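Presented below is the structure to which this report refers.
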Amino acid sequence: MNSKRNFSDRFDWTLAFILILFCIVSVMAISSAQMSGQYITNFVPKQLFWYFVGACIVAVMMYFDPDQYKKMAWYLYGAGILVLIVLMVAPGGVGQIAEPRNGAKSWFHLGFADIQPSEFMKTFYILALARTVSKHHDSHPLKTFKTDMILLGKIFLVLLVPLGLIMKQPDLGTSLVFLAITSAVIIVAGIPWKIILPVASIAAVVGGSLLWMAINMQDFLIHKLKFDPYQLARIYSWLDPYSYSSGDGYHLIASLNAIGSGEIFGKGFKHKEVYVPENHTDFIFSVIGEEFGFIGASVVICLFFFLIFHLTKLTLRMKDPFCTYVCAGIIAMITFHVFENIGMTTQVLPITGIPLPFISYGGSAMMGNALALGLVFSMKFHHRTYMFGNHDDDDDF
Amino acid sequence: MRQKNKNPKKRSTNVKAKQRASLSFRMNVLFFSIFILFSILILRLGYMQIVKGEDYVRTLEKTEEVTVNTSVPRGRIYDREGRVLVDNKPKNAITYTKLQTTTSDEMLKTAKKLATLIKMDTSKIALRDKQDFWIKLHKEEAYEKVSKQEQKAINKDEKLTGSQKQAKIDDLVRERITNAELKSFSKSDLQVLAIYSKMVAGYNLSPQIIKSDDVSDKEFAIVSEHLNELPNVNTATDWKRVKNSDLSILGSTTTPSEGIPKDKLEYYLARDYSRNDRVGKSYIEKEYEELLQGQKAVVKNETNGKGQVVETKTTFPGSPGKDLVLTVDSQLQEKLEKLVEEQLLSAKATGASSLLDRAFLVMMNPNTGEILSMVGKKIDTDENGKTEVNDYAIGTFTSAYEVGSVIKPATLLTGYALNAITPNTVLIDKPIKIAGTAPKSSIFNRSGAIPMNDLTALERSSNSYMFQVAMKIAGVTYVPNGGLRVTANDFTKIRNSYAQFGLGVDTGIDLPGEFDGFKGQETISGKLLDLVIGQYDTFTPLQLAQYVSTVANGGKRIQPHLAKEIREPSADGKNLGPIVEEFQPNVLNVIRNSPYEINHVKEGMHRVYFGSQGSAKSYFGDAKFDAAGKTGTAQVVYYGPKRAAYGTQTLSVTHIGFAPYNNPEIAYAVVVPWITTNESYTAINNIIARKAVETYFSLQKDHMQKQKQSTKEKITKPKNTESENE
C-alpha cells in the first residue's frame, strides 16, 4: 500500500537538504584547511566523491524496508565482527595491509582508499541492539525487574564483542561512541529510572574519582592500578596544555589559538593564520571557528542541532519500536561525535581522535554515516501514515 | 508527538499507549540532554571567541622567541698589567641551521650541493653515520636484509611503540651491512656524508658548524656567493680559544664537539646554553664561566600557515663575554717560574733527591689578597722517558704537605691567645723525653739546656720551646721520661687557633677544587708536640701564604683571589674596556692577638733573617731589602706519587715571609716537598724566597719608571683612547 503514495511524498527532503548544507560546509572547510599544505593531496574532489558514494549507499538502503533490516540485523552484525577480527589478525608490518597508524591498528589500506571497519560496525551494532531490545519486549510484554535485568544482560553481551575488538586496536574514541549509543538505547528501551540512575551515578563517581586521582594520586594509578603513564599524559595535556606542550598539548594549544582568535566574525574564508595539524580531518572545526568566528561556528553547531531535532521528530513518529531504537542509537552516535569532536578542539573534553560527522574529510566515516542515515531515509520512505486509516496497533509482525 | 489514544479498544492498546507515552517522555529526556550538551559547546565558543578572543589574538602576535646559538666570543683573560693571557682567534666557519620542519631529504639535497663547494675531512666519520647513510641511499636493499618473518616478529611485540619497532629493525639492518658495502662509498659520497652527518647532528634553530677548521678563503667566498641556493646554510665567524700562557690555573674550555659536561647538563641547559657550547672545564675558565660566556642572540621566528619559519628577526643581537683581569703579574710570574724551575732542577741534580719532583711558590699582597704569582713546577717523565718540567700551579691549593717550623709563629701567637705564655716568656730549651717515644729536641741543641725567650726561639727555630708552649696550652706538666695527659680537646684547641690563620681550612680562593689538607687522627701526646712544629697536619702552599699574610697585615685573614676586575669586552683586544666591577679585599676573620703580640712575633721573624743567630741569616743577612720570615724543615714519611718509595724517611723544606718589614707589600710562601732522603741538601726553599723578593722589587722599580712615562703620554692624547673604547 506504500506504493500508493508517490516518491516525492515519501522521501525525506528536509534530511536531504540538511545533508546538502553539510556538504557545502565540508567542502569549504576542507578547501581552506588543505592550504596548510600538510598533505599534497587535494581533498575537495575526494570528499565530493565520498558524498556521492554516501548518496549511492542511501539510495541502495532505501530499497529495503525496516522489516528487512530487522531480519538482516544479525547477519550484518556478524559480518562486521568478522571484518574486525580479520583486521586484528591481518599483517600489520610496514607497508602491509593493516599497518598501524598513529599506534592504532584500525585501518585496512586498500590502495585506492583506507577503510576503517569500526565506522560501519557502529551502524550494524545499532541494528543488532535495536533488534535485541524490540524482540525482548515482544517476548516479555509484562515488564518486571527480572526481565529488565535480563534485557540489560543481553545488551551487554551484544556490546561486549565489538567494544572489546575496538578497544584492542586501540581506538578509545570509537569505543566511547559505542558506549554512548548503548546508553541512549538503554534510556529509550524503557529500563526503569531506578536502575538507570544508580548505574549512571556509580559510573559518574568512578569516572570523577579516576580523574581526581590522575591529578592528585599519579603514583597510585600507575603502580597500583597499572595505568599507562601515557593515558595520564592525555589528561594532563588536556587540563594544562601549556605545561605539556608537546604532542596532544601542542595540538590543543594550536586549536585553541585558532578558534579563539577567530573572535565573533572570524578572519574570513581562507584567511586563517594558525597552523593546526590534521585540520582537514579531526581538527576541521578549528578552521571553521577561525575563519567564520563565533557566528560561523554556532551556525554549524545549530545545523547539527537541527539534524538531531529532525531525527528526534522522526523517531517520535515511528510506530515500530525497532525503528525508534535504531533512530535513538543514530542520534546518540551523531551527538557523541559532534560533542566529542568540537569539545576536544575547544578544551571541553580530552583529545580522542574522532572526526566531525559529514564535515571532516574521510571515506570510511562518510560511508558509515551514510549507512546510518540510509536507515533513517528507509524508515521514513517505508513509513505508513495514518491517513490510510491504519490503527496504531495494526503492526504487521 | 501526536498522541493517538482516543479510542482505547483493547487492553493491549492500553499497554502500548503507555509504552508510547513513556517512549515519548524518554526521547524528550534524550533530546533535552543533547540540547544541554550543544548549549555547553556554544557557551564555550562564546567564552573563547567573544570574552577571551582578544587574548588569543594577542597570543598569536607574540610569535615564538628563541635563543639561538650564535657564536659570540668568550671573554678574554688579562694579567694585572693588561697583557692578554687567553685570547680568541676568529676563524671562518660554514654553518647549517636546522628548522623544526627540515626533512632529512632536504638536508641531503643541501649537503650534496654544499659538497661540490667545500672539501671536508672524511677520516673522522663515525661508523654509525656511515651505516645510516648507506641505509638512506639503499633503502630497499637495506630492508631486504631483515626477513619478512623477523619484521613480523618485531611488529608483534606489543611492548614496543611504533618508533621503537622501527629502531629495532634498523639496528638489525646496521648489524648486517657488510664492510664491502660500507666501502662502496665513492669519494664524493663520503664528502656528502661528512657534511650530512654534521647537519643531522645539529639541534633545531642552533647553527651547527659544518666546517670551521681550515676553511680556505676561497671556500668561504664561494659558499657566501651561493648562499641563496643553499637553504639554511650560512657563513659566519667562529672563535677559537688561544692561550698565551701555559699557566695551569687559567684552566681550559670544552670543545664544541665535547659540548656541555654531562654531569652539568641540566644546570647549563637551564641557563640557555646549547649542548654544543664551549664551557669552562677547569680553574679560572670554570670559576668565571658565567662572566666569560657571552649572551646569545635572541631571535623571533615568524612562521607561516604551514608552521615553517619564513623570517627570523633579531630581537637581541647577543653580546660577547666580559673580559677578566687577573691579579697575577705575568712578567713576575714568568720570572718566578723560571726561578723555581731552575732551582728545582739544580736540587734534583744533587744526590739523595730521588723523591724530589716539585716545588711551589705563592706570592700575594697581604693587604688585599691579590695573588701576584702562583708558581708550581713538577718534574715528570714524558712518554719517551725524558724528564720535563710541567706547570703545576694548581698544586698550590690542591695538594698539602707537612710544613715544619714555618708554623712556629702561629704556635707562639696561639700560646699568647690561650694565655699559655706572654711575649718574652723565658723557657729552657732542652731535649724533651716522653715515655715511649724517642727524645725530641731542637736541631741546634741536642743535649744541653739553653734558656731563651720567644724571640730567640723563633730566631733559632727552637723545637723544645714550642713543645713546652704546647704542654702549657694542654695544661700538663713535663716530667722527664713520664707520660703526658693530652686530650683530643687540646688538639682541637690548637687546630682551631691555626684555622684562624687559614691553616687547615679553605682559603676561599676563587678557584674550584681547593684542598684543606689532612689532619692527623691520633691524639697521643707525642703527636701534639709534632703538631706545633708542623710535622703532623698537612697544609697547602696557598694556606701558608694566607697565614703569613695574616701575620704581615696585623691579624686579618684575607681571602686570596685571582680576579682583579671585570671589564666590558675590549674592542681591539689590546686596550681594556670600561670597568664593570672591581674585586674588593675580603677579610674572612681577625685573629685573637693584640697588635703588640703580632708585632712581637714579626720581630722574631725579622731576626730569622737578620739576627746574629738567625736560621736564615746566611741567605738574607746581606739583603738590600728589609723583610721577615721563617724557614721550615719537616721530617716526613714519604707518601707521594712514587708508590714503591712509600714509607721512606725524607725531608720537606719550606719558607714563609713578607717584605718590606714595615708596610709589607708582598707575602710569600715556598714549599719544596721531599727534597732529600738523607740530611744533606741545598736549601733551595730559602734561595727561592730570597730571589723571588729581589725579582719583585726589581720589577716594581721598572713599573714605577714606566708609569711615570705613561702618565706623561696620557696627558697628551686622552681623547684618542676614549674613542677606541667605544
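All chains are named by letter (A, B, ...) in the order of the sequence lines, taking the proteins before the strands, and each is independently numbered beginning at 1. Keep in mind that what you see is a predicted model, and the values were worked out from it rather than measured.
With chain B as the partner, the residue from Gly262(A), Ala297(A), Gly190(A) showing the most heavy-atom pairs under 4.5 Å is Gly190(A). The residue among Ile264(A), Ile301(A), Val348(A), Ile331(A) with the most heavy atom pairs within less than 4.5 Å of chain B is Ile301(A). Heavy-atom pairs under 4.5 Å with chain B were tallied for Thr315(A), Ile191(A), Val338(A); the largest tally goes to Ile191(A). Ranked by heavy-atom pairs under 4.5 Å with chain A, the first of Val51(B), Ile169(B), Leu41(B), Leu30(B) is Leu41(B).
Contact of Leu311(A) with chain B is not made at all, since no heavy-atom distance falls under 4.5 Å. Neither the backbone nor the side chain of Tyr47(B) comes within contact range of chain A; no heavy atoms are under 4.5 Å apart. Of the atoms belonging to Lys105(A), not a single heavy atom falls under 4.5 Å from chain B. Heavy-atom distances place the side chain of Ile196(A), and not its backbone, under 4.5 Å from chain B. For Phe265(A), no part lies near chain B; criterion is any non-hydrogen pair under 4.5 Å. For Phe304(A), the parts sitting under 4.5 Å from any heavy atom of chain B are the backbone and the side chain alike. Only the side chain of Thr324(A) comes within less than 4.5 Å of a heavy atom of chain B; its backbone N, CA, C and O stay farther away.
Other residues, nucleotides and ligands place no more than 12 heavy atoms under 6.0 Å from the NE2 atom of His271(A).
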Are Lys270(A) and Ser31(A) close enough, and set up right, to give a side-chain contact (heavy atoms from CB on, under 4.5 Å), and what steps lead you there? CA-CA 8 Å; Lys270(A) 293 198 174 177; Ser31(A) 67; 3.8 Å; yes
Could you walk me through whether Lys272(A) and Ser286(A) satisfy the side chain to side chain donor-acceptor pair (under 3.5 Å) test, starting with their C-alpha distance in whole Å, then the side-chain angles of each, then the deciding distance to 0.1 Å, before giving a yes or no? CA-CA 10 Å; Lys272(A) 71 182 163 54; Ser286(A) 73; over 6 Å; no
Could you walk me through whether Glu291(A) and Ser32(A) pass side chain to side chain donor-acceptor pair (under 3.5 Å), step by step? CA-CA 9 Å; Glu291(A) 295 191 350; Ser32(A) 174; 2.3 Å; yes
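Classification of Lys145(B) and Glu141(B) as a salt-bridged pair fails, no side-chain N sitting under 4.0 Å from a carboxylate O. Using a cutoff of 4.0 Å between basic side-chain nitrogens and carboxylate oxygens, Asp171(B) and Arg174(B) are scored as salt-bridged. Salt-bridge annotation for Lys267(A) and Glu273(A): present, with a side-chain N of the basic residue lying under 4.0 Å from a carboxylate O of the acidic one.
Interface with chain A: from residues 129-136 of chain B, no residue qualifies, criterion being any non-hydrogen pair under 4.5 Å.
Applying the ring pair (Phe, Tyr, Trp, His ring centres under 6.0 Å) test to Phe283(A) and every residue at least two apart in sequence or in another chain returns His251(A). Partners of Tyr143(B) under the ring pair (Phe, Tyr, Trp, His ring centres under 6.0 Å) rule, at least two apart in sequence or in another chain, do not exist in this structure. Judged as a ring pair (Phe, Tyr, Trp, His ring centres under 6.0 Å), and not counting sequence neighbours, Tyr325(A) has no contacts.
Aromatic ring centres of Phe305(A) and Phe31(B): separated by under 6.0 Å.
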